2 protein chains.
Amino acid sequence: MTSRQTRPRDRADRGIPEATVARLPVYLRALSSLQERGVATVSSEELAAAAGVNSAKLRKDLSHLGSYGTRGVGYEVEYLVYQISRELGLTQDWAVAIIGVGNLGRALAGYGGFASRGFRVAGLLDADEGIVGQEISGMTVVTIDRLEDVIAEGGVSIAVIATPAGAAQGVCDRVVAAGVTSVLNFAPVVLSVPEGVDVRKVDLSIELQILAFHEQRKAGGPGDYEPLTSGGTPPGPTQYVEAVAEA
Amino acid sequence: MTSRQTRPRDRADRGIPEATVARLPVYLRALSSLQERGVATVSSEELAAAAGVNSAKLRKDLSHLGSYGTRGVGYEVEYLVYQISRELGLTQDWAVAIIGVGNLGRALAGYGGFASRGFRVAGLLDADEGIVGQEISGMTVVTIDRLEDVIAEGGVSIAVIATPAGAAQGVCDRVVAAGVTSVLNFAPVVLSVPEGVDVRKVDLSIELQILAFHEQRKAGGPGDYEPLTSGGTPPGPTQYVEAVAEA
DNA sequence: AAGCCTTTGTGAATACGCGCACAAAGTCAC
DNA sequence: GTGACTTTGTGCGCGTATTCACAAAGGCTT
């Protein structure tokens with residue numbers, strides 16, 4: 001799961017609910033796919049199926065952008081693509097800096113989904129001098145020392161943090177000080193940022209843990225194992241791992 | 001953002017709300033960090049701050065697991081770590097197969113957060129014969145032809161799909177047929193699966209698009225650009241890209 | 001042992017999101 | 001031009017999530 005850390009409330013948001021915003025990219029993807037197949041018009045029912053959502057929800061989401069459908073017919077694919085892109089701000093291009101060029105940073109640098117949506121990688125930065133200077137996906141890795149320069153010169157407004165956990169907060173502080181107001185964080189830490197800065201987090205192991213929870217449920221649930229002290233107070237310094245084996 | 005595709009409703013869930021489940025891994029991470037620093041006891045206020053949530057929410061979340069706190073004192077870190085781990089099913093270990101060993105698959109294979117949470121990578125698979133046989137993070141990449149074998153022999157119950165979009169649904173069908181009931185999908189497509197199978201999706205470009213939306217808002221919003229035909233009906237086959245330049 | 005102080009656990013109020021179901025609006029056939 | 005049919009846009013009710021605020025519970029000091 002990913003979560004927003006900042007802006008718990010902000011309903012001067014031009015009225016578009018956060019839940020809707022989160023789904024617009026999904027609709028956009030489905031629409032692009034239809035467009036490639038030469039489909040000109042689509043009904044809410046069809047598009048909803050392609051996006052994996054309820055059709056009433058889809059219509060309500062789209063209604064927040066304005067009335068772009070034709071009753072009895074559906075939505076014009078190309079027009080809708082444009083309207084959603086515009087609403088999401090994808091008609092302008094965004095410069096992003098990727099900080100941390102480990103395995104994940106490399107994967108991100110080569111990810112095609114960025115360029116195709118108007119995101120331009122303005123810099124790859126790393127602290128490891130062994131990596132600095134390497135060529136990754138056609139870009140040369142720059143030393144972290146030049147972070148502020150890269151942000152200023154590239155007009156970077158979004159930073160992607162793919163560093164180890166320990167380095168993330170420090171990097172975050174620096175990019176924010178350099179004027180970045182949106183951060184996509186892959187490091188497994190909760191970043192703290194000043195008011196007005198948006199942070200979104202992607203955490204691979206959290207997703208797996210949520211799946212494990214449901215998987216366990218299907219298999220019978222943790223109820224198989226009784227609570228240690230039935231009902232009661234936390235015991236002293238016990239090895240809880242042993243307790244599992246014992247049950 | 002990541003989203004659940006299946007199980008829109010399932011309130012025989014032992015009563016633990018989905019929103020709570022999604023936060024438990026975050027608490028667990030914060031607690032582990034405290035544990036490393038040798039902290040024995042933590043108040044809901046402190047832990048909530050570390051996890052980036054409201055303290056009342058934290059307490060209510062934890063109350064769903066039972067009463068593991070001591071009034072006037074707080075929660076015993078080690079005990080809470082154990083209880084959350086147990087609830088999430090992390091006290092047993094889970095075998096996962098990673099399908100698709102591109103940049104992202106490689107990053108996932110080397111991700112330390114898996115092993116430390118009880119997730120064991122039982123196989124790396126790819127369709128590209130040029131990659132099959134390579135050694136990645138101490139594992140040999142196996143051909144996708146042996147997918148069913150790897151799943152059966154490794155006792156895999158969770159599949160991680162990191163293939164190109166076009167291959168994802170096919171791979172998904174195969175892993176489900178082979179008995180996998182939880183799928184973590186990194187491919188930019190909506191997977192369709194039978195009832196009873198959980199799918200979670202992680203989409204890097206969606207996260208960026210959501211950030212772009214908020215970033216645009218801060219900068220003045222898309223209202224700068226007027227709707228094309230003010231108020232009205234979708235026009236014919238126009239180049240909307242031009243329309244932006246014109247505004 | 002009594003009282004003060006801290007912190008939990010939860011009732012109650014509020015906000016939010018979802019999906020049904022239907023009226024309004026438009027198309028298409030004849 | 002008229003009527004039947006399709007599909008949008010949305011009012012409404014329901015369940016879930018979030019937050020506040022406080023009583024109950026326990027520890028600690030004297």
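Since the model is a prediction, treat every value here as computed from it, not as a measurement.
- For the residue pair A:Arg86/A:Thr91, the side-chain donor-acceptor check at 3.5 Å is not satisfied.
- With contacts defined as side-chain heavy-atom distances shorter than 4.5 Å, the pair A:Leu208/B:Ile158 qualifies.
- Regarding A:His64, its NE2 atom lies at a distance of 12 Å from the P atom of D:dG9, rounded to whole Å.
- Distances shorter than 4.0 Å separate none of the side-chain N or O atoms of A:Tyr68 from OP1 or OP2 on D:dT7.
- Checked by atom type and distance alone, the side chain of A:Gln216 pairs as donor or acceptor with a backbone atom of B:Glu87 at under 3.5 Å.
- Counting only N and O atoms by type, the side chains of B:Tyr82 and B:Glu78 include no donor and acceptor under 3.5 Å apart.
- Here C:dT7 presents its P atom at 17 Å from CD of B:Glu76, a figure rounded to the nearest Å.
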Can you list the steps and then say if A:Glu215 with B:Ser182 is a side chain to side chain donor-acceptor pair (under 3.5 Å)? CA-CA 7 Å; A:Glu215 192 63 30; B:Ser182 291; 2.4 Å; yes
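- Inspection of the B:Ser205 and B:Gln209 side chains reveals an N or O donor paired with an N or O acceptor under 3.5 Å.
- Ranked by how close their nearest DNA chain C nucleotide is to the 5' end, A:Gly72 and A:Thr20 are led by A:Thr20.
- For DNA chain C, none of the residues of residues 37-48 of chain A falls under the heavy-atom distance limit of 4.0 Å.
- Contacts of residues 53-63 of chain A with DNA chain C (heavy atom under 4.0 Å): A:Asn54, A:Ala56, A:Lys57, A:Arg59, A:Lys60.
- Residues passing the ring-ring contact (aromatic ring centres under 6.0 Å, His included) test with A:Phe114, sequence neighbours excluded: A:Tyr111.
- Rounded to an integer number of Å, the gap from CZ of B:Arg71 to C1' of D:dA25 is 5 Å.
- Rounded to an integer number of Å, the gap from A:Glu18 CD to C:dC18 P is 12 Å.
- Taking only side-chain nitrogens and oxygens, B:Tyr75 never comes nearer than 4.0 Å to OP1 or OP2 of D:dG26.
- Judged by distance alone, with hydrogens and angles left aside, the side-chain atoms of A:Lys218 form a donor-acceptor pair with the main-chain N or O of B:Gly196 at under 3.5 Å.
- Candidate nucleotides D:dA17, C:dC18, D:dG9 were compared by shortest atom distance to the side chain of A:Arg23, and C:dC18 ranks first.
- Side chain of B:Gln169 to main chain of B:Ser192: a donor-acceptor pair is present (N/O by atom type, distance under 3.5 Å, no hydrogens or angles).
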